[in-house]
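Bear in mind that the values here come from a model prediction, so they are computed numbers and not experimental data. Side-chain atoms are counted along with the backbone in the values below, which use heavy atoms only and exclude waters and symmetry mates.
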Amino acid sequence: MRLPPRPRLTWKDDGTPVDERVGDVYYSVEDGLAESRAVFLAGCGMPEVWHADADQRRAAYTIAELGFGTGLNFLAAWQMWRRQGPAHGWLHFVSFEGYPLDRDEARRALAPWPELAVLADRLCAKWPVRATGVQQLSWPEDRVTLTLHTGLIEDSLPRSDLTADAWFLDGFSPAKNNAMWAETLWPLIAERAHHGTRAATFTVAGTVRRGLAEAGFEVEKHPGHGRKRERLEARYIGGSPAMSDPLLPPRAAPRIAVIGAGISGACLAYALQQRGAAVRVFDQSSGPAQGTSGNPLALVMPRLDAADTVQARLLLDAYLSAQDFYADLPGAAFTETTHRPRDEAEATRFEKVLADPPLGLEQLEALRGGGLLHKRSLLLRPAELLPALLHDIDVSWGGAVDLDLDALSANGRRFDAIVLAGGWQMAASLPELDLTRRLGQVEYYQSETAAPPSALAAGPYALAIGETRLWGATFGDQTGPAPRISAAAQAENISALARLDPYWRGEASRAKLVSRAGVRATTADRLPLIGPLPDKAAMMAARQSLERSGWTLAADGFARAGIFVASGYGSRGFTWAPWAARILTATLFGDPSPVTKETRRAIAPNRQILRPLKRGTL
Ligand code: SAM
């Protein structure tokens, strides 16, 4: 089953939640918050460790947790960070959960602590969607990010990509729930630690002590909290002295140039600046939303694959990331999308998706007569959204950007990193990447009647919000230097509209239609390019050693220092952009990744050189 299983939740008379599947409580009946502070936060040396590190490079602190449950430990850490954390820096909380609670259950479980009420509300307002995969939620005003890996631990922990400063081991009692304390997990925890990483747990079970010790932790018993006699504190004594350095230098606000102010560059600039970078965007157009991202309306809806593959999961992660990212921004409105299959093959895919849906009913429903209803899709107005994203960002508009990638300079200014976030215009200057230009045309008009947000899709899509009606898009070859509208594309769109919605077709035939064409940059495997720019010559020179390694390559293998790519979004630019922004922000700052290792490899630009090398066509 792709949907994560639900816990079998019951409530004790005193309000403590229990999972009957395991027969254990989520937190101590006496005072869960006090226990959380004593066992986990104090057990890992917080808040003192946040201040003890004189080296300001380590300003970010990562707590990882086995068993997210109600989010109580997370809230306890967040509250302590607000009250006693450093004035700068960032708290990352990465947690793993196999049987997620829903929002109302979490509210009820967190209700006993009025002092957490405000934070509990903020968490529950963004409560993660029930879906297998990785979701990231941020509260930048508090410099706090939660990364939640949903899935059974044996599946999710090996895929995760992080280095923790502290590990909270909170997976129910080992006697009742061996899965969260299995001996296979200890080396995975150690792999996600650095020398000095702390670990804490409420149990002193022999298997836990031995597992930690064998994986390289020094383990100590300490007096327990409340009625529990003892608890454990541990410290990792293997590994290298410090966690892997972020790619950016240790200055307070690393300087990052983002090339391109379309949706890709705008989301990146927004996310990087929120994380503390000094961002400058360069774009050759004279203002926002003039290029491919500049249609009057855009749709964010999921592409749901029938099988549970890396690609299917990453498509879902990206969609949910976009939902969260755009939720409160100007120019974004949630809407239901009626998604009819475009042909027999798609009808079959939809049936398979519905037989084992990756999303719950709050997100996805079957339509009578075949089709999917995407209940949390988004309609975007780029003309409002893009300026909002770029509101606080320095943008250099107009004129081609003079880039010197070796010197990491743009228009003569040096940067710590450069992100190439342009679409098709960038393709010509990056011959090492395989980006194909595709022309897309939409039609739109102003209706006499206002409509609530609505969306229909069946291959082509038709969108309505207020008076604006927009539909398309064609998908054709782009020749010549700039996109051009054509009567043939308009005719294609008009006949598509007749199939999608005859009512609209009638209104459209009386309206004054406007056509708009844009060029998308697409890749052969239809996945975006998100990651370091690869050094093609170095990869070609290393062909033999790559072959010996079985053609395995890390996402950041053969990276050109300081240069990153966020492109190749095809016709899903508004879906990929927020997710890519979070991935690259984490990569640059050395933060826990919001995606799995497999996903990072699947979207890494270096795959475009590795594959032809392997086939022998390069
Ligand atoms: N830290 C939590 C809190 O602050 O509320 C309490 C965690 S509770 C004691 C243990 C958690 O581990 C539960 O939420 C449970 O669903 C999760 N869990 C148990 N077995 C699991 C497994 N095999 N894979 C992933 N999660 C699991």
**OP:** Apply the test side-chain contact (heavy atoms from CB on, under 4.5 Å) to residues Phe40 and Glu65: give CA-CA distance (whole Å), side-chain angles for both, the deciding distance (0.1 Å), then the verdict.
**Re:** CA-CA 10 Å; Phe40 297 110; Glu65 174 187 56; over 6 Å; no
Subject >> Thr150/Glu97 under side-chain hydrogen bond (donor to acceptor under 3.5 Å, both in side chains): CA gap, chis, key distance, verdict >> reply: CA-CA 5 Å; Thr150 303; Glu97 179 54 60; over 6 Å; no
**OP:** Step by step, work out the salt bridge (Lys or Arg N to Asp or Glu O under 4.0 Å) result for Glu115 and Arg37.
**Re:** CA-CA 14 Å; Glu115 64 172 298; Arg37 288 179 182 141; 3.0 Å; yes
**OP:** Could you walk me through whether Phe93 and Trp78 pass side-chain contact (heavy atoms from CB on, under 4.5 Å), step by step?
**Re:** CA-CA 9 Å; Phe93 197 96; Trp78 183 2; over 6 Å; no
**OP:** Kindly indicate, with the supporting measurements, whether the criterion side-chain contact (heavy atoms from CB on, under 4.5 Å) is fulfilled by Leu248 and Arg255.
**Re:** CA-CA 9 Å; Leu248 296 170; Arg255 299 161 311 185; over 6 Å; no
**OP:** Check step by step if side-chain hydrogen bond (donor to acceptor under 3.5 Å, both in side chains) holds for Gln311 and Arg303.
**Re:** CA-CA 10 Å; Gln311 170 161 326; Arg303 145 106 203 174; over 6 Å; no
**OP:** Might you work through the side-chain contact (heavy atoms from CB on, under 4.5 Å) test for Val208 and Leu212, ending with a clear yes or no?
**Re:** CA-CA 6 Å; Val208 174; Leu212 279 169; 4.1 Å; yes
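The distance from the NE2 atom of His225 to the CD atom of Glu30 is 7.0 Å, given to the nearest 0.5 Å. Between atom CG of residue Leu364 and atom CD of residue Glu336 there is a gap of 11.0 Å, rounded to the nearest 0.5 Å. Once rounded to the nearest 0.5 Å, the distance linking CG of Leu137 with OG1 of Thr145 reads 9.0 Å. Once rounded to the nearest 0.5 Å, the distance linking CD of Glu35 with NZ of Lys228 reads 3.5 Å. Here the CG-CG distance, from Leu378 to Leu299, works out to 8.5 Å after rounding to the nearest 0.5 Å. Atom CZ of Phe325 sits about 14.0 Å away from atom CD of Gln323, to the nearest 0.5 Å.
For Arg582 and Asp324, the salt-bridge test passes: some basic side-chain N is under 4.0 Å from an acidic carboxylate O. Between Arg231 and Glu233 there is a salt bridge, with a side-chain nitrogen of the basic residue lying less than 4.0 Å from a carboxylate oxygen of the acidic one.
Ring geometry for His374 versus Tyr319: interplanar angle over 60°, hence perpendicular rather than tilted (30 to 60°).
No side-chain heavy atom of Val49 sits under 4.5 Å from any side-chain heavy atom of Cys44. In this structure, the side chains of Leu91 and Arg143 stay at 4.5 Å or more apart for every pair of heavy atoms. Between Leu72 and Leu116 there is a side-chain heavy-atom pair separated by less than 4.5 Å. With contacts defined as side-chain heavy-atom distances shorter than 4.5 Å, the pair Asp170/Phe202 qualifies. You'll find the side chain of Arg6 reaches within 4.5 Å of the side chain of Arg130, heavy atoms only. For the pair Thr337 and Leu372, the minimum side-chain heavy-atom distance is 4.5 Å or more. Ile237 has its side chain within reach of His195: a pair of non-hydrogen atoms, C-beta onward, lies under 4.5 Å apart. The side-chain heavy atoms of Leu146 and Lys126, taken from C-beta on, include no pair separated by under 4.5 Å.
In this structure, the side chain of Gln79 does not engage the main chain of Leu119 through any donor-acceptor pair within 3.5 Å. With hydrogens and angles disregarded, no donor-acceptor distance shorter than 3.5 Å links the side chain of Arg275 to the backbone of Pro140. Between the side chain of Thr335 and the backbone N or O of Leu379, no donor-acceptor pair lies under 3.5 Å. Judged by distance alone, with hydrogens and angles left aside, the side-chain atoms of Asp416 form no donor-acceptor pair with the main-chain N or O of Ile256 at under 3.5 Å. With hydrogens and angles disregarded, no donor-acceptor distance shorter than 3.5 Å links the side chain of Asp19 to the backbone of Pro7. In terms of modelled atom types and a separation under 3.5 Å, the side chain of Arg103 and the main chain of Cys124 share a donor-acceptor contact. A distance-only check finds no donor-acceptor pair linking the side chain of Glu365 to the backbone of Lys375 [under 3.5 Å]. Without hydrogens or angle criteria, Thr197 side chain to Ala164 main chain gives a donor-acceptor distance under 3.5 Å. Under the 3.5 Å distance criterion, the side-chain polar atoms of Ser36 are left unmatched by any main-chain donor or acceptor of Gly32. A distance-only check finds a donor-acceptor pair linking the side chain of Asp356 to the backbone of Arg2 [under 3.5 Å].
With Tyr270 as the fixed residue, the side-chain contact (heavy atoms from CB on, under 4.5 Å) test singles out one of Leu390, Val279, Leu329, Thr585: Leu329. When each of Trp11, Phe68, Phe172 is paired with Tyr26, the ring-ring contact (aromatic ring centres under 6.0 Å, His included) condition holds for Phe172 and for no other. Thr70 pairs with exactly one of Leu123, Leu75, Leu101 by the side-chain contact (heavy atoms from CB on, under 4.5 Å) rule, that one being Leu101. With respect to Asp161, the salt bridge (charged side-chain N to carboxylate O under 4.0 Å, His left out) criterion is satisfied by exactly one of Arg600, Arg192, Arg601: Arg600. Of the listed residues (Asp308, Asp305, Thr132), just one forms a side chain to side chain donor-acceptor pair (under 3.5 Å) with Arg313, and that residue is Asp308.
Relative to the ring axis of Tyr99, Arg21 places its NZ or CZ within 45° and under 6.0 Å from the centre.
Heavy atoms only, all atoms of each residue included: Ala213 and Val219 are closest at N-CG2, 4.0 Å. Across all their heavy atoms, Ser156 and Gly151 have their closest contact at OG-O, 3.6 Å. Closest of all the heavy-atom pairs between Ala271 and Ala581 is CB-CB, 3.9 Å. Between Pro254 and Gly276, the shortest heavy-atom distance links the atoms CD-O, 3.9 Å. Pro453 approaches Ala333 most closely through the heavy-atom pair CG-CB, 4.1 Å. For the residue pair Leu314 and Ala602, the shortest heavy atom distance occurs at CD2-CB, 4.0 Å.
Remark: aromatic rings of Trp576 and Trp579 are close, center separation under 6.0 Å. Between Trp113 and Tyr27, the distance separating the two ring centers is shorter than 6.0 angstrom.
Residue Asp14 places its CG atom among more than 12 non-hydrogen atoms of other residues, nucleotides or ligands, all under 6.0 Å distant. By the 6.0 Å contact criterion, CD on Glu230 is enclosed, its count of non-hydrogen atoms from other residues, nucleotides or ligands being greater than 12.
If you check the side chains of Asp591 and Trp90, you find no donor sitting under 3.5 Å from an acceptor.
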